[in-house]
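What follows is a single structure, written as structure tokens, with notes after it.
Just so it is clear: chains get the letters A, B, ... in the order the sequence lines come, proteins before strands, and each one is counted from 1. Small disclaimer: the values here were computed from a predicted structure and weren't measured.
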There are 2 protein chains.
Amino acid sequence: MITIKDIANEANVSTGTVDRVLHNRGGVSPKTETKIRKILKQKKFKINLIASSLAMKKHHNLATLIPKHDEQNLFWKSPYSGIKKANQEVGAYGIENHIFLFDQFDPQSYLKAFRKLIKTMPDAVVMVPVFVKESSEIIKELDDKKIPYLFLNAALKGYENLCYIGQKSFEAGILSGKLSHLCSKEKDEFLIILTRKNIHDYEANNERIKGFINYFNRNLPQAVIHQLKFDQSEGIKIVSKKINNFLTQNPRVRIVMVPSSRVSNICKLIDNDLLSGLKLIGFDTTPQNVEVLNKGIVSFLISQKSFNQGYKAITTIANYLVHKETPSDEIPMPLEIITKENYRYSHTEERNY
Amino acid sequence: MITIKDIANEANVSTGTVDRVLHNRGGVSPKTETKIRKILKQKKFKINLIASSLAMKKHHNLATLIPKHDEQNLFWKSPYSGIKKANQEVGAYGIENHIFLFDQFDPQSYLKAFRKLIKTMPDAVVMVPVFVKESSEIIKELDDKKIPYLFLNAALKGYENLCYIGQKSFEAGILSGKLSHLCSKEKDEFLIILTRKNIHDYEANNERIKGFINYFNRNLPQAVIHQLKFDQSEGIKIVSKKINNFLTQNPRVRIVMVPSSRVSNICKLIDNDLLSGLKLIGFDTTPQNVEVLNKGIVSFLISQKSFNQGYKAITTIANYLVHKETPSDEIPMPLEIITKENYRYSHTEERNY
DNA sequence: GCTTAATAAGTGTACGCACACGAATTTTTA
DNA sequence: TAAAAATTCGTGTGCGTACACTTATTAAGC
């Protein structure tokens, strides 16, 4: 193992000088710098991250602003767990992360949580900018205070965010199109069911639908794609009736794609005899969705590894703080196809090496 | 952050004593030990892994014994890359890993490589025990010398290996069955093509076939499953002819499953007009396979993340050596379903967090 | 041309934290 | 009371970081 000392010896300088070259901290003559760089390259020197972290230890203070989850809204549970897991790991590097939760339907709670957050004077912020107007306000304050921030799962444009980590919803939609296509027989028709437009999911669901349609436009233009959209205001029973009526009247519909993470709810609304003739494709491996997957009711779930998204957000910003590693603008997460047969082996809730 | 020093101060002992309690190294009076443990618990002390790793650095010496790869046999390329990547990372922890390669068809070269390996007096060994008899000999020597060893990708039973990391081939076969089933129309027939039985892949391929058939026995007993097996001795042209003849005579065959990692080769043997009517399912994301996937010739590839297998093998044994973390007996790798649409987002050749 | 100040370049080392071993101290045994 | 055994202490080590400090170089002033 090559150490900074080895390099310093070879170049007849002190370790301090080598360190200054390594971190571009200036104050080194061009001649010396060239010499050192050459030796670094030749000996393939790599900074020992262990020693580096130890030496760097200054108490970094992170803050995270994400929607809270509950029984009704499980979507944010997974990223939350990922963030928690990451917190443990980066803790060893002297980084503390405080999580601030808000109600994803209430802009006021968003602002309120931010006020609390900003009081802790964080060195960096991970945030989910769900509300456009309020976010602009928040981000202005962060910019003023020169606090770097990272967007998780909502890609607001036009800001100087360090990076975006999140879904590729359009691509996920394309993938759902492909799977639907592969599962379909000739003359089968397709149905997209979207219930309960909620503020947050709206964008992602829409993109998934766009992607789905895009796939068929390119690969099977003659495909018949139906769409059923229901509002939050409509009662479950009415929705159920409408869906069942629709399916009865359109017996060629054999593939149902549910762009939200609530395919399990949809299953419950469909009569069993109709259900058995359908192939369903949904998103996200929520416990409820996994249940209907395992029962064979749903054929595919497309998972965006939301656990890993949360995890990655924290490790990314931690690396930025500790090692000054600037991340790429966008870090997409893998699109996993989950079936009953590989769910057990898909490690969705776990960092995998 | 609580340090060993804090604990030592509180307990009026030196850091050395605290350290001996932490690592159960003995030589501490029961009274002192109790006192220290109490403070450790009360202050929720956790060892700083960074500092620990740095301090622990004694040059651990690893050795890896795996089959070599070449143009004809790409299977081992991916695990090899994973091992290389892991080597870099664990290098920071003062661990050096030497890789010894052998010819997967030649037991003598296996033994020869091992003789070389054992001369380096490794602290632990990662091995692929392809040859049963020879492995028994090798393992006896490792046991005698009390060198811990880990099996990669070939699960030999009855030995005291630290752990097994590898394929779940049977389960992968089941999954391929499920995908085939989903893609199929009524009365479609299925074909399994196995070329070039080579010694090593034999077991895995066989398990995949068993899994495939098992799936249909349970879910579609009336399915017609054909099998074509070719020997290494037969020329490509003859094989090609046989396959094309078979497909022509069995027009109901619409789904082809290739249990080896050579689905791309099979594609080349099939006439284009026959090919366009087929759905193919293969294994492993070799560059050649990805090419036919992207061309739309192959519908699904099932990936066992062999890169990650190699990677994981090294990190597992490194953690064992450095942090005395005993791994679980078996570490299965995720079964990934890869299509043209999600390949880009599947990170197959990369550690993902 | 020579001195002095100003700046640039480079050095040396304490520090972060846990680890482990020789040395010192205390306790026990003979 | 000496010798042996059991505890406990003190400190060097791993490696990179960063800051205070020293030395070399250049510029300015007379």
Side-chain angles (χ1 to χ4, degrees), chain A residues 1-37 39-40 43-60 90-96 319 321-325, chain B residues 1-37 39-40 43-60 89-96 321-325:
Chain A
M1 157 150 270
I2 314 293
T3 72
I4 259 192
K5 227 173 175 174
D6 298 331
I7 306 293
N9 276 121
E10 183 91 6
N12 283 315
V13 295
S14 78
T15 59
T17 307
V18 177
D19 186 60
R20 273 187 345 291
V21 169
L22 282 172
H23 296 283
N24 301 305
R25 233 178 301 112
V28 182
S29 70
K31 202 171 63 186
T32 314
E33 177 160 354
T34 319
K35 186 167 68 180
I36 292 175
R37 286 208 189 281
I39 297 170
L40 285 174
K43 297 218 162 187
K44 290 179 187 167
F45 173 83
K46 288 235 173 81
I47 289 182
N48 180 333
L49 283 181
I50 304 299
S52 175
S53 306
L54 187 58
M56 292 257 246
K57 173 155 313 234
K58 16 176 155 84
H59 279 273
H60 286 296
V90 300
Y93 291 79
I95 294 170
E96 249 188 304
N319 274 329
L321 288 178
V322 178
H323 304 300
K324 276 145 198 150
E325 267 180 34
Chain B
M1 161 151 270
I2 314 293
T3 73
I4 262 191
K5 226 172 174 174
D6 299 330
I7 306 293
N9 274 121
E10 183 92 4
N12 284 314
V13 296
S14 79
T15 61
T17 307
V18 176
D19 184 62
R20 283 207 311 306
V21 170
L22 283 172
H23 296 282
N24 300 305
R25 230 179 303 114
V28 181
S29 68
K31 202 172 60 185
T32 314
E33 179 162 352
T34 320
K35 185 168 68 178
I36 292 176
R37 284 208 190 281
I39 297 170
L40 285 174
K43 298 217 163 189
K44 289 180 187 166
F45 174 83
K46 286 230 176 86
I47 290 182
N48 179 335
L49 281 180
I50 304 299
S52 174
S53 303
L54 186 60
M56 290 261 245
K57 175 157 314 229
K58 26 174 151 84
H59 281 273
H60 284 297
E89 288 190 25
V90 300
Y93 291 78
I95 293 170
E96 249 188 303
L321 287 178
V322 178
H323 303 300
K324 276 142 200 153
E325 268 180 34

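Nearest-nucleotide assignment on DNA chain D puts the 5′-proximal partner with E33(B), out of R25(A) and E33(B). Along DNA chain C, the nucleotide nearest to P30(A) and the one nearest to I4(B) differ in position, and the one closer to the 5' end is contacted by P30(A).
Judged by distance alone, the side chain of S52(B) and the main-chain N or O of N48(B) form no donor-acceptor pair under 3.5 Å. When atom types are taken as modelled, the side chain of K35(B) and the backbone of A11(B) share a donor-acceptor pair closer than 3.5 angstrom. Judged purely by atom type and a 3.5 angstrom limit, R20(B) has no side-chain atom pairing as donor or acceptor with the backbone of V28(B). Listed for the D6(B) side chain is a donor-acceptor partner under 3.5 Å among the backbone atoms of T3(B).
With values rounded to the nearest 0.5 angstrom, E10(A) atom CD is found 5.0 Å from I39(A) atom CD1. The distance from the CD1 atom of I2(A) to the CD1 atom of I47(A) is 14.0 Å, given to the nearest 0.5 Å. Note that CG of L49(A) and CE of M56(A) are 9.0 Å apart. Values are rounded to the nearest 0.5 Å.
If you measure from atom CD1 of I95(B) to atom P of dC15(D), you get 13 Å, rounded to the nearest angstrom. Taking atom CZ on F45(A) and atom P on dC15(D), their separation rounds to 10 Å, with Å as the unit. I50(B) has its CD1 atom 12 Å from the P atom of dC19(C), to the nearest Å. For the pair N12(A) CG and dG12(C) P, the interatomic distance rounds to 12 Å; values are reported in whole Å. Between the CG atom of N48(B) and the P atom of dC19(C) there is a distance of 9 Å, given to the nearest Å. Separating the NZ atom of K5(B) from the P atom of dT11(D) is a distance of 12 Å, rounded to the nearest angstrom. Atom NE2 in H60(A) sits about 15 Å away from atom P in dG16(C), given to the nearest Å. In this structure, M56(A) atom CE and dA14(C) atom P are separated by 22 Å, rounded to whole Å.
Among the protein residues, L54(A) comes within range of the nucleic acid bases, having at least one heavy atom under 4.0 Å from a base atom. D6(B) comes within 4.0 angstrom of no nucleic acid atom, judged by non-hydrogen atoms across all strands.
Put simply, the side chain of L22(B) reaches to within 4.5 Å of the side chain of F45(B), judged on heavy atoms.
Within a heavy-atom distance below 4.0 Å of DNA chain D, the residues of residues 13-24 of chain A found are G16(A), D19(A), H23(A).
The phosphate of dA6(D) (OP1 or OP2) has no side-chain N or O of S29(B) nearer than 4.0 angstrom. For dT17(D), one of the phosphate oxygens OP1 or OP2 lies less than 4.0 angstrom from a side-chain nitrogen or oxygen of S52(A).
Contact record, H60(A) with L321(A): NE2-O, 3.6 Å, taken as the closest heavy-atom pair.
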*Could you spell out the base pairing of DNA chain C in dot-bracket, with Watson-Crick or G-U pairs whose two distances are under 3.5 Å, [ ] crossing and | to another strand?*
||||||||||||||||||||||||||||||
